**Q** 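Below: one structure in structure tokens.
Here is how names work: the chains are called A, B, and so on, in the same order as the sequence lines, proteins then strands, and each is numbered from 1. All values derive from a computational prediction rather than experimental measurement.
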Amino acid sequence: AQSVAQPEDQVNVAEGNPLTVKCTYSVSGNPYLFWYVQYPNRGLQFLLKYITGDNLVKGSYGFEAEFNKSQTSFHLKKPSALVSDSALYFCAVTGGSYIPTFGRGTSLIVHP
Amino acid sequence: DAGVIQSPRHEVTEMGQEVTLRCKPISGHNSLFWYRQTMMRGLELLIYFNNNVPIDDSGMPEDRFSAKMPNASFSTLKIQPSEPRDSAVYFCASSDSGMPGELFFGEGSRLTVL
């Protein structure tokens, strides 16, 4: 079985400050990890993925995520938040099956 | 590529009516997913097709829901009869089986059942 936990329903950060959105996972075998973003009234959009290799993965819009195998975490980060980053963020995992398991989502609110 | 195309974007109907949602996946993708999103339950997988064959339909709520994929470029999700609790945003997503877990989502169909 595979599962994802996003422990925060909402994250608030001031514009220009660094942001972190947390994700932990459970999966059999090597994980394939993903972050997606959903803007209001839109579908989910792929942000970045970790399959293998460097634990720090860079993605779209200046986002990056750090894979930590010992803590089974894949936290999303950005050095300097923008108001336009405000959206719903989903972490997802698969152990190699074609069906990813999504977290409940974390609402990121960036204040001007 | 135009991405995953869903129609209609919005549907308002009355309880008991039949609803059909449509999806055109990205050309060349051989996996297709239907999801439902609500505030209460989040994102739920309804059904997964691979090479036009339903592989996992364990998320389909009940017999009122059915999904078909007659060919690689078209899928439908049908609700008959519809109920107010079916009100949600329904997403279609497609992927290339060479990259498990990397999905491309459509813009969604917002269904309101009165």
Side-chain angles (χ1 to χ4, degrees), chain A residues 1-10 21 23 25-53 57 59-60 63 65 67 74 76 87-107, chain B residues 1-10 21 23-26 29-51 53-59 88-112:
Chain A
Q2 54 195 37
S3 65
V4 171
Q6 293 183 242
E8 302 152 317
D9 289 337
Q10 185 172 302
V21 182
C23 171
Y25 67 91
S26 174
V27 69
S28 299
N30 293 322
Y32 292 47
L33 292 155
F34 304 84
W35 276 101
Y36 289 82
V37 60
Q38 184 181 28
Y39 297 103
N41 301 313
R42 304 293 298 276
L44 280 70
Q45 298 176 33
F46 169 81
L47 262 185
L48 52 79
K49 66 185 176 189
Y50 171 83
I51 305 299
T52 186
V57 178
S60 307
F63 283 93
F67 170 63
F74 189 57
L76 181 70
L88 190 57
Y89 289 82
F90 291 90
C91 182
V93 69
T94 174
S97 80
Y98 296 116
I99 304 176
T101 297
F102 285 86
R104 291 275 303 174
T106 298
S107 178
Chain B
D1 200 315
V4 176
I5 299 173
Q6 291 187 246
S7 64
R9 288 296 312 277
H10 302 274
L21 307 179
C23 175
K24 176 178 169 55
I26 292 173
H29 283 186
N30 57 358
S31 293
L32 185 138
F33 306 76
W34 282 100
Y35 286 89
R36 177 171 68 178
Q37 186 178 36
T38 61
M39 289 290 291
M40 291 295 296
R41 303 170 76 114
L43 196 63
E44 301 175 273
L45 175 66
L46 300 177
I47 188 168
Y48 160 60
F49 290 89
N50 186 254
N51 291 324
V53 176
I55 303 299
D56 184 346
D57 65 354
S58 58
V89 181
Y90 291 81
F91 288 104
C92 176
S94 70
S95 72
D96 179 345
S97 60
M99 183 42 65
E102 187 172 342
L103 273 56
F104 294 80
F105 283 78
E107 296 287 56
S109 294
R110 181 176 295 276
L111 173 65
T112 302

**Q** Minimum heavy-atom separation for B/Arg9 and A/Asn41, please, with both atom names.
**A** NH2-O, 3.5 Å

**Q** With a 4.5 angstrom heavy-atom cut-off, is it the side chain or the backbone of A/Arg42 that approaches chain B, or both, or neither?
**A** both

**Q** On a heavy-atom basis, which atom in A/Arg104 and which in B/Met39 lie closest, and how many Å separate them?
**A** NH2-O, 3.9 Å

**Q** Side chains of B/Phe105 and A/Phe46: closer than 4.5 Å at any heavy-atom pair?
**A** no

**Q** Enter the distance from A/Tyr32:OH to B/Met99:CE here, rounded to the nearest 0.5 Å.
**A** 7.0 Å

**Q** Main chain of B/Leu103, side chain of A/Tyr36: is a donor-acceptor contact present, judged purely on distance under 3.5 Å?
**A** yes

**Q** Could you grab the distance from atom OG1 of A/Thr101 to atom CG of B/Leu45, nearest 0.5 Å is fine?
**A** 9.0 Å

**Q** Could you check which of B/Ala93, B/Gly101, B/Ser31 has the highest count of heavy-atom pairs closer than 4.5 Å to chain A?
**A** B/Gly101

**Q** At a heavy-atom separation under 4.5 Å, does A/Leu88 approach chain B through its side chain, its backbone, both, or neither?
**A** side chain

**Q** Answer with yes or no after comparing the ring centroid distance for A/Tyr98 and B/Phe33 against a 6.0 Å cut-off, counting only values under it.
**A** no

**Q** Under the side-chain hydrogen bond (donor to acceptor under 3.5 Å, both in side chains) definition, can you give me all pairs with a residue in residues 36-45 of chain B, not counting sequence neighbours?
**A** A/Gln38-B/Gln37, B/Arg36-B/Glu44, B/Arg41-B/Glu44

**Q** If I take atom OG from residue B/Ser95 and atom CD1 from residue A/Ile99, how far apart are they, to the nearest 0.5 angstrom?
**A** 10.0 Å

